[in-house]
Amino acid sequence: MKQPRFDLDLDKHCNATVVIACGNCGSETRQHLRSLQPDHTLRCRCGADISLGAGALHRAQQQVAHLRVAYRQ
């Protein structure tokens, strides 16, 4: 099984949603960044378990912090 890929979506208030692509089927699962915990398992539509490790979650939080700074300039 491939590692899941993730992307970030920011709303107009700079609240982040993580979009995680399943390593099995490629479908996307959306979850608010604030509600994610490292290695917390989410269930994909195909039935596969997907999660982000502590390192990936930390990178996502850093990317959001950089984006917020860039938008406010």
Enquirer: Is any side-chain heavy atom of D49 closer than 4.5 Å to one of L42?
Expert: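 Answer no - side chains too far apart.
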Enquirer: Taking distance alone, no hydrogens or angles, what donor-acceptor pairs closer than 3.5 Å link side-chain atoms of residues 12-19 to residues at least two apart or in another chain?
Expert:
unit_1: N15; atom_1: ND2; unit_2: D11; atom_2: OD2; d: 3.4

Enquirer: Taking all heavy atoms of S51 and all of T41, pick out the closest pair and write down the distance.
Expert: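 Smallest interatomic distance, heavy atoms only, reads CB-CA, 4.1 Å.
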Enquirer: Enumerate the side-chain hydrogen bond (donor to acceptor under 3.5 Å, both in side chains) contacts for residues 52-65, please, sequence neighbours excluded, ordered by first and then second residue.
Expert: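 Those involving residues 52-65 are H58-Q62.
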Enquirer: Does anything in residues 25-34 form a side-chain hydrogen bond (donor to acceptor under 3.5 Å, both in side chains)? List the pairs, not counting sequence neighbours.
Expert: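 Output for this query lists D9-R30, Q31-S35.
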Enquirer: Quick check: do I20 and R5 have side-chain heavy atoms less than 4.5 Å from each other?
Expert: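 They are not in side-chain contact.
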Enquirer: Provide the closest heavy-atom pair for F6 versus A60 in the form atom of the first, atom of the second, distance.
Expert: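 Looking at all heavy atoms of both residues, the shortest contact is CE1-CB, 3.7 Å.
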Enquirer: Taking C-beta and beyond as the side chain, do N24 and I50 meet within less than 4.5 Å on heavy atoms?
Expert: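 Of all side-chain heavy-atom pairs linking I50 with N24, none is under 4.5 Å.
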Enquirer: I need the Q37 CD to D39 CG distance, nearest 0.5 Å.
Expert: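 Rounded to the nearest 0.5 Å, the CD-CG separation comes out at 10.5 Å.
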